[in-house]
*Asks:* 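This structure is in structure tokens; I'll ask about it shortly.
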Amino acid sequence: QVQLVESGGGLVQAGGSLRLSCAASGSTSSINTMGWYRQPPGNQRELVAFITSGGGGSTNYADSVKGRFTISRDNTKNTVYLQMNSLKPEDTAVYYCNALTVVGGYVHDHWGQGTQVTVSS
């Protein structure tokens, strides 16, 4: 099992920045990919960005955040970060950390409890 704990959310004005952190514990050696999703009020959860394990880590971003958000990971701390710059009111959402583990050929999803990000105009 993998446990994920997010931190770093809060209230910020449009144009500001926040950095989210997600610390993983438990069976971290089985983690393949880590990422961030968000769920805006009244909408479905959507992918924000993910980063693969190994080497430098390949990254992928939703079009809506490209050029503004940066995902990174520190494997020594089992932590993934999301640096969010030039925030917009439409970035307001609950942000969830996600980890994919592969055990015995099966892929498992793990989720954090979520952290609220509110961007005021």
*Asks:* Does Val65 share a hydrophobic cluster with Tyr37, counting links as ILVMFWY side-chain heavy atoms below 4.5 Å and allowing steps through other members?
*Replies:*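 No, Val65 and Tyr37 fall in different hydrophobic clusters.
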*Asks:* Could you state the interatomic distance from CG (Asn32) to CE (Met34), rounded to the nearest 0.5 Å?
*Replies:*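 Between atom CG of Asn32 and atom CE of Met34 there are 11.5 Å.
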*Asks:* How close do Cys97 and Val80 get, counting heavy atoms only, and between which atoms?
*Replies:*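 Taking Cys97 first and Val80 second, the nearest heavy atoms are SG-CG1, 3.9 Å.
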*Asks:* Test side chain to side chain contact (heavy atoms under 4.5 Å, CB included) on Asn75 and Ser53; report intermediate values, then the result.
*Replies:* CA-CA 8 Å; Asn75 290 330; Ser53 63; 5.6 Å; no
*Asks:* So, Asp91 and Lys88, do they make that salt bridge, N to O below 4.0 Å?
*Replies:*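 Salt bridge flag = no for Lys88 with Asp91.
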*Asks:* Calculate, to the nearest 0.5 Å, the distance between atoms CE and CZ belonging to Met84 and Arg19 respectively.
*Replies:*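 It comes to 11.0 Å.
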*Asks:* Does any N or O in the side chain of Glu6 come within less than 3.5 Å of the main-chain N or O of Gln113, such that one atom is a donor and the other an acceptor?
*Replies:*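 Indeed, once roles are kept as given, a pair shorter than 3.5 Å links the two residues.
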*Asks:* For a quick test of reading the model, state the closest non-hydrogen atom pair linking Arg68 to Ser86 and the distance between them.
*Replies:*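 Shortest heavy-atom separation between Arg68 and Ser86 comes out as NH1-O, 3.0 Å.
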*Asks:* Test side chain to side chain contact (heavy atoms under 4.5 Å, CB included) on Leu100 and Asp109 and set out the steps.
*Replies:* CA-CA 5 Å; Leu100 293 181; Asp109 257 320; 2.8 Å; yes
*Asks:* Hey, mind stepping through Ser27 and His110 against side chain to side chain contact (heavy atoms under 4.5 Å, CB included) and telling me if it holds?
*Replies:* CA-CA 11 Å; Ser27 302; His110 305 271; over 6 Å; no
*Asks:* Is Val12 reachable from Tyr95 through a run of I, L, V, M, F, W or Y residues, each pair having side-chain heavy atoms under 4.5 Å apart?
*Replies:*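 Yes, Tyr95 connects to Val12 through the hydrophobic network.
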*Asks:* Are Ile51 and Leu18 linked, directly or through intermediate hydrophobic residues, by side-chain heavy-atom contacts shorter than 4.5 Å (ILVMFWY only)?
*Replies:*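 Shared cluster, yes.
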*Asks:* Would you say Leu87 and Leu20 are hydrophobically clustered, going by side-chain heavy atoms of ILVMFWY under 4.5 Å?
*Replies:*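 Result: yes, single cluster for both.
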*Asks:* Hey, what do you get for NZ (Lys66) to OG1 (Thr59), rounding to the nearest 0.5 Å?
*Replies:*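 Lys66 NZ to Thr59 OG1: 9.5 Å, rounded to 0.5 Å.
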*Asks:* I need the single residue from Val48, Asn43, Thr115, Leu82 that forms a side-chain contact (heavy atoms from CB on, under 4.5 Å) with Arg38. Which is it?
*Replies:*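 The side-chain contact (heavy atoms from CB on, under 4.5 Å) with Arg38 is passed solely by Val48 among Val48, Asn43, Thr115, Leu82.
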*Asks:* Give a yes or no on whether Ile31 and Phe50 share a hydrophobic cluster (residues Ile, Leu, Val, Met, Phe, Trp, Tyr; joining criterion: side-chain heavy atoms under 4.5 Å apart).
*Replies:*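 No; tracing contacts between hydrophobic side chains, which count when under 4.5 Å, never links both residues.
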*Asks:* Kindly compute the distance separating CD (Gln83) from OG (Ser21), expressed to the nearest 0.5 Å.
*Replies:*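 Result: 9.5 Å between the selected atoms.
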*Asks:* Which heavy atom of Gly9 sits nearest to which heavy atom of Val117, and what is that distance?
*Replies:*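 The pair with the smallest heavy-atom distance is CA-CG2, 4.2 Å.
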*Asks:* Within the side chain of Tyr61, is there an N or O that forms a donor-acceptor pair under 3.5 Å with the backbone of Ile71?
*Replies:*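 Here the side-chain-to-backbone pair exists.
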*Asks:* Assess the side chains of Asn85 and Ser17: does a donor N or O sit below 3.5 Å from an acceptor N or O?
*Replies:*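 Side-chain D/A pair, Asn85 to Ser17: present.
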*Asks:* Starting from the C-alpha separation in whole Å, work towards a yes-or-no answer on side chain to side chain contact (heavy atoms under 4.5 Å, CB included) for His108 and Tyr106.
*Replies:* CA-CA 6 Å; His108 301 270; Tyr106 291 91; 3.8 Å; yes
*Asks:* For the atom pair CG (Leu4) and CG (Asn98), what is the distance rounded to the nearest 0.5 Å?
*Replies:*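 One gets 7.5 Å once the value is rounded to the nearest 0.5 Å.
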*Asks:* Return the minimal non-hydrogen interatomic distance between Pro89 and Ala14, and the atom names on each side.
*Replies:*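 Taking every non-hydrogen atom into account, CD-CB, 4.1 Å.
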*Asks:* Between Thr92 and Val119, is there a donor-acceptor pair closer than 3.5 Å when you use the side chain of the first and the backbone of the second?
*Replies:*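 Here the side-chain-to-backbone pair exists.
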*Asks:* Using atom types as modelled and distance alone, determine if a side-chain donor or acceptor of Thr52 lies under 3.5 Å from a backbone N or O of Ser58.
*Replies:*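 Judged by distance alone, yes, a pair lies under 3.5 Å.
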*Asks:* Once the angle between the rings of Tyr96 and Trp111 is folded into 0 to 90°, is it parallel (under 30°), tilted (30 to 60°) or perpendicular (over 60°)?
*Replies:*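 Aromatic pair Tyr96/Trp111 classed perpendicular.
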